[in-house]
**Student:** 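Okay, here's the structure, questions in a sec.
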Amino acid sequence: MTGAGGQLGRALQEEFAAEDLVAWTRGDWDVALPPPLLDPPPGLVLHAAAWTDVDAAEDDPQEAAAVNVGGTRHVAELGAPLVYFSTDYVFDGGKAEPYLESDSPNPLSAYGRTKLYGEGAAGEQAWVVRSSGLFGPSGKNFVTTMLRLAREQDEVVVVDDQRSAPTYVGHLAAATRELLDRPFGVWHLAAEGDCTWAEFAEATFEEFGVECRVRRISSEDLGRPALRPANSVLRSEKGAPELPHWREGLRACLQRIE
Ligand SMILES: NC(=O)c1ccc[n+]([C@@H]2O[C@H](COP(=O)([O-])OP(=O)(O)OC[C@H]3O[C@@H](n4cnc5c(N)ncnc54)[C@H](OP(=O)(O)O)[C@@H]3O)[C@@H](O)[C@H]2O)c1
């Protein structure tokens, strides 16, 4: 697998611990460089390495593409079936209903474009897993950031006009394993339910018993460099493995943090 040092990579290592898994960090293989020669080729590659800094990709789209598109092409060159992790940010957010696998992508950001082109670079022997708002007990994610801010201040400002399904990495890893019995192709694997980031921050403080106010603002007020979709709730029309609700994800995360 690639991306072993990332938050999803760590969850995948736990889920696939019983398998003969080789876990590559960036130090083992920078995927922007050609792949190592593996003889025999692996039976399966879980490709969780990516440029994930959405705002920084606006300033450096070439470097982001070198990792997310070129890197995925390199992984496909290993010649094994692969799982490529993609994102809700391939959509423009203009749909009123949840996005299905058959909906047309139209990314608003450089990051979203690189991840979409990466889907193509994954090739024919690939499960393309689109998920959203990943969080887990370690690494830099919305939950760990909110908990850190709550230790430093009594109020956080959070956008209230982006709706998605924040997904716990442990639940995504388990659903990924189940997906391997399904055909190759694009699959939406995200938590049940949906919320705005402000609602998710409030729920995080509630579940973790933390006192901190949430001031709701708009994406325009926040003024981040990259545009994000207003609605990027993902659902499957293909009978994808189902994930628990995002609240259950928060509770599972809480047990791992304490
Ligand atoms: N985070 C989300 O909300 C979200 C939502 C939907 C989909 N996804 C997708 O899910 C996957 C996993 O995301 P994540 O949240 O686990 O991200 P993450 O915690 O940022 O992990 C990404 C990993 O990729 C590694 N990496 C970056 N550039 C690399 C390179 N050139 N060669 C090898 N490794 C490299 C990073 O290593 P360093 O730490 O050394 O840079 C890091 O360990 C990604 O494909 C992402 O696009 C994420």
Side-chain angles (χ1 to χ4, degrees), residues 1-15 22-36 45-57 60 62-75 78 82-91 93 99 105 107 109-119 121-122 126-146 162 164-173 175-176 186-191 195 197 200 224 226 228-229 232-234 243 246 249 253:
M1 70 168 300
T2 68
Q7 57 170 345
L8 177 59
R10 284 190 288 269
L12 288 167
Q13 283 173 78
E14 286 181 22
E15 181 63 38
V22 179
W24 281 315
T25 63
R26 187 207 286 256
D28 300 316
W29 174 29
D30 177 339
V31 296
L33 302 173
V45 181
L46 303 170
H47 177 33
W51 175 301
T52 55
D53 190 332
V54 177
D55 289 315
D60 212 346
Q62 273 92 0
E63 282 300 310
V67 181
N68 292 351
V69 188
T72 303
R73 193 171 299 122
H74 290 147
V75 171
L78 291 171
L82 72 97
V83 180
Y84 169 74
F85 292 94
S86 188
T87 169
D88 52 333
Y89 285 7
V90 298
F91 295 114
Y99 280 93
S109 62
Y111 167 76
R113 282 188 290 278
T114 63
K115 292 298 294 183
L116 179 61
Y117 298 146
E119 291 184 1
W127 293 270
V128 171
V129 173
R130 294 194 187 127
S131 195
S132 56
L134 298 189
F135 65 94
S138 58
K140 188 167 175 276
N141 61 59
F142 186 85
V143 170
T144 54
T145 301
M146 284 300 124
Q162 292 170 29
S164 66
T167 299
Y168 176 57
V169 287
H171 291 161
L172 177 57
T176 298
V186 174
W187 295 88
H188 286 184
L189 295 188
C195 57
W197 290 113
F200 191 53
R224 302 271 287 275
R228 272 99 168 149
S232 60
V233 180
L234 302 176
L243 280 74
W246 57 262
C253 187

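Remember, it's 1-based here, ligands and their atoms both numbered in the order they're listed. All values derive from a computational prediction rather than experimental measurement.
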**Student:** Run through N68, T2, T72 and flag the one making a side chain to side chain contact (heavy atoms under 4.5 Å, CB included) with V31.
**Tutor:**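 Testing V31 for a side chain to side chain contact (heavy atoms under 4.5 Å, CB included) against N68, T2, T72 leaves exactly one candidate, T2.
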**Student:** Please tell me if atom 36 (C) of ligand 1 is touched by the protein, where touching means a protein heavy-atom distance below 4.0 Å.
**Tutor:**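 Looking at atom 36 (C) of ligand 1, one finds that no protein heavy atom lies closer than 4.0 Å.
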**Student:** Can you sort out which atoms of ligand 1 are near L8, meaning under 4.0 Å from one of its heavy atoms?
**Tutor:**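 Numbered from 1, ligand 1 contributes 12 (C), 16 (O).
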**Student:** Is there a heavy atom in T2 that sits closer than 4.0 Å to ligand 1?
**Tutor:**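 False for this residue.
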**Student:** Indicate yes or no: does an N/O atom of T87 lie under 3.5 Å from an N/O atom of ligand 1?
**Tutor:**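 Among all N and O atoms of T87, none is under 3.5 Å from an N or O of ligand 1.
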**Student:** Tell me the contacting part of W29 for ligand 1: side chain, backbone, both, or neither, using a 4.0 Å heavy-atom threshold, strictly below.
**Tutor:**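 Within the 4.0 Å criterion, W29 contacts ligand 1 through backbone atoms alone.
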**Student:** Can you name the atoms of ligand 1, numbered from 1 with element, that are less than 4.0 Å from a heavy atom of K115?
**Tutor:**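 In order of number, 44 (C), 45 (O), 46 (C), 47 (O).
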**Student:** List the residues meeting ring pair (Phe, Tyr, Trp, His ring centres under 6.0 Å) with Y168, not counting sequence neighbours, and say none if there are none.
**Tutor:**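 Applying ring pair (Phe, Tyr, Trp, His ring centres under 6.0 Å) to Y168 gives F135, H171.
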**Student:** I need the nearest protein heavy-atom contact for atom 32 (N) of ligand 1: residue, atom name and distance, please.
**Tutor:**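 For atom 32 (N) of ligand 1, the nearest protein heavy atom comes out as V31 N, 2.9 Å.
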**Student:** Of the listed options (S86, G27, A50), which comes nearest to atom 9 (C) of ligand 1 when hydrogens are ignored and any heavy atom counts?
**Tutor:**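 When every heavy atom of S86, G27, A50 is considered, S86 comes closest to atom 9 (C) of ligand 1.
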**Student:** Have a look at ligand 1 and work out which part of Y111, if any, has a heavy atom under 4.0 Å from it: side chain, backbone, both or neither.
**Tutor:**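 It is the side chain that touches ligand 1; the backbone stays farther off.
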**Student:** If you measure from atom 42 (C) of ligand 1 to every heavy atom of G6, S164, S132, S131, which option wins on shortest distance?
**Tutor:**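 Among G6, S164, S132, S131, the closest heavy atom to atom 42 (C) of ligand 1 comes from G6.
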**Student:** Report yes if G3 has an N/O atom closer than 3.5 Å to an N/O atom of ligand 1; otherwise report no.
**Tutor:**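 No.
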**Student:** Sequence neighbours left out, what passes salt bridge (Lys or Arg N to Asp or Glu O under 4.0 Å) with D55? Give chain and number order.
**Tutor:**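 Per chain and number, D55 pairs via salt bridge (Lys or Arg N to Asp or Glu O under 4.0 Å) with R224, R228.
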**Student:** Pick out which of K115, R130, E119 makes a side chain to side chain donor-acceptor pair (under 3.5 Å) with S86.
**Tutor:**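 Of K115, R130, E119, side chain to side chain donor-acceptor pair (under 3.5 Å) with S86 is met by E119 alone.
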**Student:** With atoms numbered from 1 as shown, which atoms in ligand 1 lie under 4.0 angstrom from a non-hydrogen atom of D30?
**Tutor:**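 Within the 4.0 Å cut-off of D30, ligand 1 contributes 30 (C), 31 (N), 32 (N).
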**Student:** Taking the six-membered ring for Trp, are F200 and W246 ring centroids under 6.0 Å apart?
**Tutor:**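 Yes; W246 has its ring centre under 6.0 Å from that of F200.
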**Student:** Is the shortest N/O to N/O distance between T52 and ligand 1 below 3.5 Å?
**Tutor:**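 There is such a contact, yes.
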**Student:** Within a distance under 4.0 Å of any heavy atom of G133, pick out the atoms of ligand 1 and give their elements.
**Tutor:**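 Per the distance check, 3 (O), 5 (C).
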**Student:** If you have a sec, work out which protein heavy atom is nearest atom 12 (C) of ligand 1 and how many Å separate them, to one decimal?
**Tutor:**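 Checked against all protein heavy atoms, atom 12 (C) of ligand 1 sits closest to A48 O, 3.5 Å.
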**Student:** Name the option, out of Q7, R130, R26, that contains the heavy atom nearest to atom 41 (O) of ligand 1.
**Tutor:**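 Minimum heavy-atom distance to atom 41 (O) of ligand 1 goes to R26.
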**Student:** Any N or O on L134 sitting closer than 3.5 Å to an N or O of ligand 1?
**Tutor:**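 Yes; at least one N/O pair falls below 3.5 Å.
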